[in-house]
Colleague: 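Sharing a structure here in structure tokens format.
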Amino acid sequence: MFSRLLAVLVPIFLAFVLRTSWEHDNVFFIYKLQSQGTTHSPARVLFVTAHPDDESLFFAPTLTSLLSHKRKLDKDVLSVEVYLLCLSTGDADGLGKTRQREMIHALDVFGIEEGRWWIVDSPSLQDNMTARWDPQVIADVVKPYVVEHGITTILTFDEKGISLHPNHMSLPHGLIHLLSTQLSHPIPKLYTLISLPPFAKFQGPLAPVLAKYDLALQTVWHYVYTYLFGTPSEVPPDERVSVPVFVSGARDYLTALKSMYEHRSQLVWFRWLYVVASRYMWVNEWLEVRIPSAVMVGRV
Ligand SMILES: *[C@@H]1O[C@H](CO)[C@@H](O)[C@H](O)[C@H]1NC(C)=O
Ligand SMILES: [Zn+2]
């Protein structure tokens with residue numbers, strides 16, 4: 001009897017939880033992104049990836065959320081322009097041309113506007129399982145895109161590169177180099193996608209459920225704390241330990257799946273396992289990287 005009840009309730013509960021996307025700290029995050037520009041100008045967010053398919057495999061929850069973003073906060077409509085720069089054609093197996101074509105379709109699924117994405121084909125940035133890319137080269141390649149489009153925030157891999165691929169791992173180093181030495185003010189903000197320990201990577205559809213549960217607890221705790229101690233307003237939001245989190249709903253997940261399906265040349269059996277089991281298909285957590293100012297760099 002009890003198990004039958006569970007058999008009915010659990011799917012209903014899951015369907016309810018998976019139906020919606022959840023953006024924690026995003027209103028604040030996006031507000032912050034926007035307020036870096038001049039008043040009322042949109043936030044311009046640049047994703048920097050290493051290979052065609054990175055956007056679908058790792059960054060989809062954030063991409064879908066930012067691309068659908070139109071939110072009212074204090075009567076202002078916040079807006080975000082999304083840009084994407086992929087630093088190689090993914091030519092490790094000689095499939096560079098094919099993979100570029102596939103990526104065009106994948107970006108169409110997300111709905112990134114024409115003229116806001118680019119695939120770089122540089123001899124010094126080739127898809128290679130063992131090669132680290134030179135930070136100076138990365139900085140030189142990315143710089144013109146940042147300057148020309150007035151990018152206010154850059155999103156990329158962290159030092160563990162999610163999958164420990166050395167190409168991924170090179171990106172934060174190149175971007176820190178760019179932001180700390182090569183640009184004048186205002187310097188864009190840099191966020192890196194947090195790599196998780198292996199056991200946490202493969203929660204599949206449980207990932208959004210757990211993440212939402214976590215966030216709900218945090219929210220409740222926040223209110224209880226405020227009620228009891230009345231102090232959170234004294235804690236500047238910047239100092240909070242929480243990080244921006246994007247949790248996909250079922251529709252966002254399907255978008256990610258559809259875009260991955262466009263990367264046909266990459267759909268070998270273990271990638272199917274990945275898209276079913278991976279947490280990054282559902283949840284993205286971001287860490288802000290503080291950029292030492294040019295002056296500081298000179299002094300140190
Ligand atoms: C990949 O990089 C390594 C050095 O890290 C180099 O020896 C090798 O030739 C490269 N492979 C290709 C196909 O370029
Ligand atoms: Zn990659």
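Fair warning: this is a prediction, and the values are worked out from it, not measured in the lab. Whatever order the structure lists ligands and atoms in, that order sets their numbers, starting from 1.
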Colleague: Roughly how far apart are Leu84 CG and Glu113 CD, rounded to 0.5 Å?
Modeller: 13.5 Å

Colleague: My understanding is that only one of Tyr191, Phe246, Tyr280, Phe157 makes a ring pair (Phe, Tyr, Trp, His ring centres under 6.0 Å) with Phe59; could you say which?
Modeller: Phe157

Colleague: I need the nearest protein heavy-atom contact for atom 10 (C) of ligand 1: residue, atom name and distance, please.
Modeller: Asn128 ND2, 2.4 Å

Colleague: Which atom name does His51 have for its N/O/S atom nearest to the Zn ion (ligand 2)?
Modeller: ND1

Colleague: Can you find a protein heavy atom under 4.0 Å from atom 7 (O) of ligand 1?
Modeller: no

Colleague: So does His165 have any N/O/S atom less than 2.8 Å away from the Zn ion (ligand 2)?
Modeller: no

Colleague: Give me the residue, atom name and distance of the protein heavy atom closest to atom 4 (C) of ligand 1.
Modeller: Thr130 OG1, 4.2 Å

Colleague: Any N/O/S atom from Asp54 (main chain or side chain) under 2.8 Å of the Zn ion (ligand 2)?
Modeller: yes

Colleague: Is the ring pair His149/Tyr83 parallel, tilted or perpendicular, if the boundaries are 30 and 60 degrees?
Modeller: tilted

Colleague: Name the orientation class of the two ring planes belonging to His51 and His168 (parallel below 30°, tilted from 30 to 60°, perpendicular beyond 60°).
Modeller: tilted

Colleague: Would you call the rings of Tyr261 and Trp272 parallel, tilted or perpendicular, taking 30° and 60° as the class edges?
Modeller: tilted

